Visitor: 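Shown below is the structure under consideration.
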Amino acid sequence: AQQGRVREKVYGKQKIYFADQEQLPAASDAELRGLDGEIAARSAQLQALQQSCRHMEAELKDLNSSMTTPEIAKEIEALRKDCASYTEKLERIKSATNHVTPEEKEKVCREQQLYRREWRRRKRMATEMLDAILEGYPKSKKQFFEEVGIETDEDHGVVLPPTV
């Protein structure tokens, strides 16, 4: 710094040293344009390399997430076993002699509808009767059900089956 090759700046207790740029030769306009062109070329080259790097990283990610040849072989073997078991099950079902006839199915469906209607009718009657009792009852509905020992469908998670 005393010889003038390096400059010194003081900021409080800190000192910063840097090269004295006045001693460097000034660049001509042609040199500056040449350097700007080189910077542009290097920037384009950098972007191309970054794009190539991103493409290769994406390809690597795809390859790492895909299955290896031994894994694929195991998967194929497992799928073949599943297919064979399903084929065997299908054959057993086809060869079974205890198929349900359409008439039997229709009969069961009619019975289910009858029982469903009866369930709904009886539930409605019980609900109306309990509501009539609760009109003059001084306590809550929940307390009444506990005293009498009434268990509802909702208490046990029972729902009406859907129509078929």
Side-chain angles (χ1 to χ4, degrees), residues 5-9 11-21 23-124 126-127 141-142 145-146 149-164:
R5 288 185 272 166
V6 178
R7 286 209 170 179
E8 173 185 10
K9 281 198 175 186
Y11 294 102
K13 293 183 180 180
Q14 296 179 345
K15 293 181 181 179
I16 298 176
Y17 296 94
F18 55 92
D20 186 11
Q21 295 185 2
Q23 296 178 4
L24 298 175
S28 66
D29 287 341
E31 286 178 321
L32 289 176
R33 281 193 295 272
L35 290 174
D36 286 342
E38 189 177 332
I39 288 172
R42 299 275 173 127
S43 294
Q45 184 182 10
L46 174 66
Q47 285 190 356
L49 288 173
Q50 286 175 336
Q51 179 67 26
S52 175
C53 184
R54 281 192 295 270
H55 176 70
M56 287 181 183
E57 285 174 346
E59 188 176 340
L60 177 64
K61 184 178 176 185
D62 287 344
L63 290 174
N64 285 336
S65 66
S66 64
M67 297 173 78
T68 63
T69 303
E71 289 173 341
I72 290 176
K74 287 179 186 176
E75 183 72 20
I76 288 173
E77 187 60 34
L79 290 172
R80 284 189 178 142
K81 286 180 184 176
D82 288 348
C83 185
S85 69
Y86 289 139
T87 304
E88 181 182 322
K89 187 176 180 180
L90 179 64
E91 289 302 320
R92 280 197 318 260
I93 291 171
K94 283 182 179 179
S95 65
T97 57
N98 59 351
H99 293 290
V100 177
T101 63
E103 295 82 22
E104 290 174 336
K105 181 180 176 186
E106 183 62 33
K107 179 183 172 192
V108 169
C109 288
R110 277 195 312 270
E111 286 178 2
Q112 193 242 7
Q113 287 175 348
L114 174 72
Y115 295 141
R116 234 178 131 260
R117 273 195 305 265
E118 191 64 25
W119 183 353
R120 283 193 1 238
R121 187 177 68 79
R122 289 183 184 195
K123 185 172 181 171
R124 185 175 49 252
T127 304
K141 182 177 183 179
K142 185 176 180 181
F145 281 12
E146 286 178 11
I150 296 175
E151 296 176 349
T152 63
D153 293 341
E154 291 78 19
D155 291 342
H156 295 281
V158 178
V159 292
L160 218 59
T163 57
V164 179

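The model shown is predicted, which means the values in this text are computed figures rather than measured ones. Heads up: numbering here begins at 1 and tracks the sequence.
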Visitor: Verify, without hydrogens or angle tests, whether Gln14 (side chain) and Tyr11 (backbone) share a donor-acceptor contact under 3.5 angstrom.
Guide: no
Visitor: List in chain and number order the residues that pass salt bridge (Lys or Arg N to Asp or Glu O under 4.0 Å) with Glu154, two or more places apart in sequence or in another chain; answer none if no residue qualifies.
Guide: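 Only Lys123 meet the salt bridge (Lys or Arg N to Asp or Glu O under 4.0 Å) criterion with Glu154.
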Visitor: Evaluate the criterion side-chain contact (heavy atoms from CB on, under 4.5 Å) for residue pair Lys107 and Glu103; output intermediate values, then yes/no.
Guide: CA-CA 6 Å; Lys107 179 183 172 192; Glu103 295 82 22; over 6 Å; no
Visitor: Could you go through Leu60 and Glu57, starting from their C-alpha distance and side-chain angles, then the distance that decides it, and tell me whether this counts as side-chain contact (heavy atoms from CB on, under 4.5 Å)?
Guide: CA-CA 5 Å; Leu60 177 64; Glu57 285 174 346; 5.5 Å; no
Visitor: Going by the rule side-chain contact (heavy atoms from CB on, under 4.5 Å), which residues pair with Phe145 if we only count those two or more places apart in sequence or in a different chain?
Guide: Leu130, Lys141, Ile150, Thr152
Visitor: Measure across Phe18 and Val6 and return the closest heavy-atom pair with its distance rounded to 0.1 Å.
Guide: O-CG1, 3.4 Å
Visitor: Could you tell me whether Glu111 atom CD has more than 12 heavy atoms of other residues or ligands within 6.0 Å of it?
Guide: yes
Visitor: Return the SG to CG distance between Cys83 and Leu90, rounded to the nearest 0.5 Å.
Guide: 10.5 Å
Visitor: Please identify each residue that fulfils side-chain contact (heavy atoms from CB on, under 4.5 Å) with Lys81, with sequence neighbours left out.
Guide: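 Testing Lys81 for side-chain contact (heavy atoms from CB on, under 4.5 Å), a comparison that skips the adjacent residues, returns Glu77.
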Visitor: Taking only distance into account, with no hydrogens and no angle test, what donor-acceptor pairs under 3.5 Å do side-chain atoms of residues 41-55 form with protein atoms, sequence neighbours excluded?
Guide:
{"residue": "Ser43", "atom": "OG", "partner": "Ile39", "partner atom": "O", "Å": "2.9"}
{"residue": "Gln51", "atom": "OE1", "partner": "Arg54", "partner atom": "NH2", "Å": "2.9"}

Visitor: What's the spacing between Lys94 NZ and Glu91 CD if we round to 0.5 Å?
Guide: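 Interatomic distance, Lys94 NZ to Glu91 CD, rounded to 0.5 Å: 5.5 Å.
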Visitor: Does the pair Arg121/Glu118 count as a salt bridge with the N-to-O cut at 4.0 Å?
Guide: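 Judged by the 4.0 Å cut-off on N to carboxylate O distance, Arg121 and Glu118 do form a salt bridge.
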Visitor: Is it true that Glu88 and Arg92 have a side-chain N and a carboxylate O under 4.0 angstrom from each other?
Guide: yes
Visitor: Distance check, rounded to the nearest 0.5 Å: Asp36 atom CG versus Asp29 atom CG?
Guide: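 Asp36 atom CG to Asp29 atom CG measures 10.5 Å (nearest 0.5 Å).
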Visitor: Who passes salt bridge (Lys or Arg N to Asp or Glu O under 4.0 Å) against Glu8, sequence neighbours left out?
Guide: Lys15
Visitor: Got a second to check how far Thr87's OG1 is from Asp82's CG, nearest 0.5 Å?
Guide: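 Between atom OG1 of Thr87 and atom CG of Asp82 there are 10.5 Å.
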Visitor: Report the residues that fulfil side chain to side chain donor-acceptor pair (under 3.5 Å) with Arg7, sequence neighbours left out, ordered by chain and then residue number.
Guide: Asp20, Glu22
Visitor: Is it the case that more than 12 heavy atoms not belonging to Met56 sit under 6.0 Å from its CE atom?
Guide: no
